[in-house]
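The structure appears below as structure tokens.
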Protein chains: 2
Amino acid sequence: MHTVLIADDHTLIRESLRNMLEPLDDFSIVADVANGFDALVAVKKWKPSVLLLDVAMPDATGIEVVVDTQRWSPQTKIIIYTGVTSGAPLQQLIDSGIHGLLFKDSDSAHLIKALREVTHNHSYFDDKLSSVLAEQEAVGNLTEREKQVLSQILAGKTNRDIALLLNISIKTVDNHRTRLMNKLGAHSVSDLLRIAIKTGFIHPDTL
Amino acid sequence: MHTVLIADDHTLIRESLRNMLEPLDDFSIVADVANGFDALVAVKKWKPSVLLLDVAMPDATGIEVVVDTQRWSPQTKIIIYTGVTSGAPLQQLIDSGIHGLLFKDSDSAHLIKALREVTHNHSYFDDKLSSVLAEQEAVGNLTEREKQVLSQILAGKTNRDIALLLNISIKTVDNHRTRLMNKLGAHSVSDLLRIAIKTGFIHPDTL
DNA sequence: GCCTCCATAGGGTATTCACCCTAATTGAGG
DNA sequence: CCTCAATTAGGGTGAATACCCTATGGAGGC
């Protein structure tokens with residue numbers, strides 16, 4: 001029998017996670033908490049087999065909870081459960097040595113599979129993660145100039161606009177544009193925007 | 001002396017709202033709550049001059065809290081405080097007769113101005129609201145076919161792709177494209193994406 | 001010194017897009 | 001029956017973009 005601690009600041013999600021896991025014979029939920037501070041208290045108290053952790057929570061960030069959990073309860077397997085698909089913060093979490101990662105749009109089957117994998121000392125990472133991190137890396141490989149041009153393309157500027165803004169020739173902008181689209185594997189402005197949002201290059205709210 | 005009730009599920013935001021308002025001589029915070037249910041209980045108990053309300057909360061949606069507040073405490077002025085800029089839900093809130101609306105990226109000066117305006121029986125709506133609602137209306141005026149074409153453009157398809165998909169000629173797609181861009185006042189795919197996200201036509205996470 | 005990467009700029013061509021126009025068909029509503 | 005909006009399709013033009021290529025100057029690494 002494995003023990004599970006749920007940490008998510010959304011009551012609705014905590015409840016649906018409970019509903020998913022309670023029918024299972026091999027897992028038992030010891031507690032659910034709504035913020036990072038309570039999560040750490042509960043980890044120290046229960047030392048659960050698995051910590052199901054939302055990254056975005058009040059009082060303590062995901063990475064802080066992960067580090068302290070590893071210190072106080074090293075046997076606890078940590079599964080990150082996130083709605084954010086921005087690459088930058090994800091890379092940090094993965095480097096910190098978590099055991100699994102799920103995106104919030106995955107179904108209960110994937111969640112249960114993740115739980116069983118980590119309790120058997122395997123890791124479980126969402127299939128989408130590799131593509132997110134690949135795109136994250138690709139954006140990181142853009143040169144400064146290419147990033148500047150990308151920003152302007154996303155802002156709806158034409159090559160001529162960008163050339164005037166940066167005081168370079170239209171053909172130079174065209175070259176930067178071609179190279180950055182190759183690097184990102186994009187074939188349209190829509191592709192660029194999708195990648196830019198997924199990787200956290202730009203934030204949807206600032207559009 | 002006016003009384004203020006704060007309702008927001010994020011502890012951090014509640015605290016920062018408190019910090020903003022406590023130095024003011026003409027306002028006093030009677031309570032802050034973290035969900036819609038507690039908000040209604042507090043409204044009935046305190047009958048505050050102003051309700052500062054986040055739309056996205058557990059247990060009761062913003063519109064429910066607004067309607068019940070108007071029933072149980074009609075003298076209470078309601079200021080909506082939202083991070084969501086999607087037009088559809090906003091229109092419903094405005095129609096329900098709230099007194100003010102702020103987006104979460106506005107600063108404390110605007111918040112204080114909104115409080116003073118509504119307590120003097122004026123209304124206060126964020127400047128961005130009009131553009132959001134205008135774009136919302138524009139998207140609503142698109143025909144079904146135009147919406148289909150818009151979706152495909154946003155997905156990165158070319159006119160040729162869309163023509164094949166919908167079994168119509170490229171010129172027809174071109175016509176739909178031209179008309180929808182006119183209706184939305186867009187001049188680039190980036191403009192389309194920005195409007196589509198702002199109006200809730202597509203959700204950033206599904207990109 | 002040599003080599004690589006970056007930014008710069010241009011040639012050339014094919015495709016795509018933006019924006020103007022007309023026009024036939026269809027279906028819903030007055 | 002007539003009208004209007006929507007959908008369909010096309011003509012035509014100019015701009016913008018995608019993708020191929022070469023080439024030069026400078027900065028940094030070895």
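Every value quoted in this text rests on a predicted model; they were computed, and no experiment measured them. Only heavy atoms go into these numbers, but all of them, side chains included; no hydrogens, no water, no symmetry mates. Just so it is clear: chains get the letters A, B, ... in the order the sequence lines come, proteins before strands, and each one is counted from 1.
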Just distance, no hydrogens or angles: give the donor-acceptor pairs under 3.5 Å from side chains in residues 171-181 of chain A, sequence neighbours left out.
unit_1, atom_1, unit_2, atom_2, d
N175(A), ND2, K171(A), O, 3.4
R177(A), NH1, N159(A), OD1, 2.4
T178(A), OG1, D174(A), O, 3.0

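A salt bridge (Lys or Arg N to Asp or Glu O under 4.0 Å) check over residues 157-169 of chain B, counting only residues at least two apart or in different chains, returns nothing. Within the structure, the salt bridge (Lys or Arg N to Asp or Glu O under 4.0 Å) test picks out the following pairs touching residues 114-124 of chain B (sequence neighbours left out): D26(B)-R116(B), K113(B)-E117(B).
Atom-to-atom, CG of L142(B) to C1' of dT7(D) comes out at 15 Å; the value is rounded to the nearest Å. Atom NE2 of H176(A) and atom C1' of dT17(D) are 16 Å apart (whole Å). Between K183(A) atom NZ and dA7(C) atom C1' there is a gap of 11 Å when expressed in whole angstrom units.
Within 6.0 Å of CZ in R18(A) there are more than 12 heavy atoms belonging to other residues, nucleotides or ligands.
No donor-acceptor contact under 3.5 angstrom links the side chains of T119(B) and S49(B), judged on distance only. If you check the side chains of T69(B) and T76(B), you find no donor sitting under 3.5 Å from an acceptor.
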Between the protein and nucleotides 28-30 of chain C, list the N/O to N/O atom pairs that are separated by less than 3.5 angstrom.
none

Table of protein N/O atoms under 3.5 Å from nucleotides 28-30 of chain D N/O atoms:
none

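Contacts of K147(A) classified as side chain to side chain donor-acceptor pair (under 3.5 Å), with partners at least two apart in sequence or in another chain: none. Applying the ring-ring contact (aromatic ring centres under 6.0 Å, His included) test to F27(B) and every residue at least two apart in sequence or in another chain returns H2(B). Listed by chain and number, the residues in a side chain to side chain contact (heavy atoms under 4.5 Å, CB included) with W46(A) are V30(A), A31(A), A42(A), P48(A) (sequence neighbours excluded). Taking A114(A) as the reference, I79(A), L102(A), Y124(A) meet the side chain to side chain contact (heavy atoms under 4.5 Å, CB included) condition, with sequence neighbours excluded. For the side chain to side chain contact (heavy atoms under 4.5 Å, CB included) test, residues two or more places apart in sequence or in another chain that qualify with S123(A) are F125(A).
Of the residues L51(A), D54(A), N35(A), the one that meets the side chain to side chain contact (heavy atoms under 4.5 Å, CB included) test with V65(A) is L51(A).
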Which nucleotides of nucleotides 9-25 of chain C have their base under 4.0 Å from a protein heavy atom (B), which only their sugar-phosphate (S), and which neither (-), written as one string 5' to 3'?
BBBB---SSBB-B----
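For DNA chain D, the residues of residues 143-153 of chain B within the heavy-atom distance limit of 4.0 Å (strictly under) are T143(B), E144(B), R145(B), sorted by number.
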Should D32(B) and L52(B) be marked as a side-chain contact (heavy atoms from CB on, under 4.5 Å) after you check the CA-CA gap, both sets of side-chain angles, and the distance that decides it?
CA-CA 9 Å; D32(B) 61 275; L52(B) 252 182; over 6 Å; no
